[in-house]
Amino acid sequence: MSFRAKVYDMVRQIPAGRVCGYGDIAVLCGSPRAARQVGYALAALRPVDGVNGVAEDPKGRAVPWQRVLRTTGHIAFAGDPVRGPLQQRLLEEEGIVFEQDRTNMEHFRWAPTVEELKG
DNA sequence: TCCATGACTCCGC
DNA sequence: CGCGGAGCCATGG
């Protein structure tokens, strides 16, 4: 199983209302230093519905990419005029609270349980 | 096989 | 705090 496939599977497990850092996903996928590659994996998703932010992986399964943020709580693609605001909107609809342009990672960070990791 | 590309991070200033 | 630079490493050509 490729690194990207692991990333997609892991991101799919993040429940609505919770977020995770790129680095966190990298660790959970077995490559602690590959945070950047996690972002690259999400960038490779195929956009399906631009308005609702739906994107799928190569297998056609939807991936909640909006739940992955920088460790600082900032939206990684903030510079993107479309995806930046979209990501924040999607997260706020799930109950994530933004203070200025960042979230409180301490409060919203998600970590899988042992059971969830068995997958 | 080598090389460029990056939705990242850590560190120093 | 913010900024720039260096390190990181999975992919694809």
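Naming convention: chains lettered A, B, ... in sequence-line order (proteins, then strands); numbering from 1 in each chain. As a basis for the values below, the full set of heavy atoms in this structure was taken, side chains included, without hydrogen atoms, waters or symmetry mates.
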Considering residues at least two apart in sequence or located in another chain, which fulfil the salt bridge (charged side-chain N to carboxylate O under 4.0 Å, His left out) criterion with E116(A)? none
Contacts of R33(A) and R4(A) projected onto DNA chain C by closest heavy atom; the upstream (5') one is R33(A)
Does Q88(A) have any side chain to side chain donor-acceptor pair (under 3.5 Å) partners at least two apart in sequence or in another chain, and if so, which? E92(A)
Expected string for nucleotides 2-13 of chain B under the B/S/- scheme (protein heavy atoms, under 4.0 Å, primed atoms plus P, OP1, OP2 as sugar-phosphate) is ----BBBSS---
Using the side chain to side chain donor-acceptor pair (under 3.5 Å) criterion, which residues pair with E94(A)? Sequence neighbours excluded. Q66(A), R67(A)
Holding to side chain to side chain donor-acceptor pair (under 3.5 Å), I want the full list of residues that pass it with D80(A), two or more places apart in sequence or in another chain. R83(A)
Which pairs pass side-chain hydrogen bond (donor to acceptor under 3.5 Å, both in side chains) with one or both residues in residues 3-20 of chain A, sequence neighbours excluded? D9(A)-R12(A), D9(A)-R61(A), R12(A)-D57(A)
Is any side-chain heavy atom of L69(A) closer than 4.5 Å to a side-chain heavy atom of L91(A)? yes
Show the atom names and distances, to 0.1 Å, of all donor-acceptor pairs under 3.5 Å that link a side chain in residues 24-44 of chain A to residues at least two apart or in another chain.
{"from": "D24(A)", "atom 1": "OD2", "to": "G21(A)", "atom 2": "N", "distance (Å)": "2.9"}
{"from": "D24(A)", "atom 1": "OD2", "to": "R109(A)", "atom 2": "NH1", "distance (Å)": "2.7"}

First contact, last contact: which nucleotides of DNA chain C are these for chain A, 5' to 3', heavy-atom distance under 4.0 Å? dG7(C) to dG12(C)
Side chain to side chain donor-acceptor pair (under 3.5 Å) involving E115(A) - partner list, sequence neighbours excluded: K118(A)
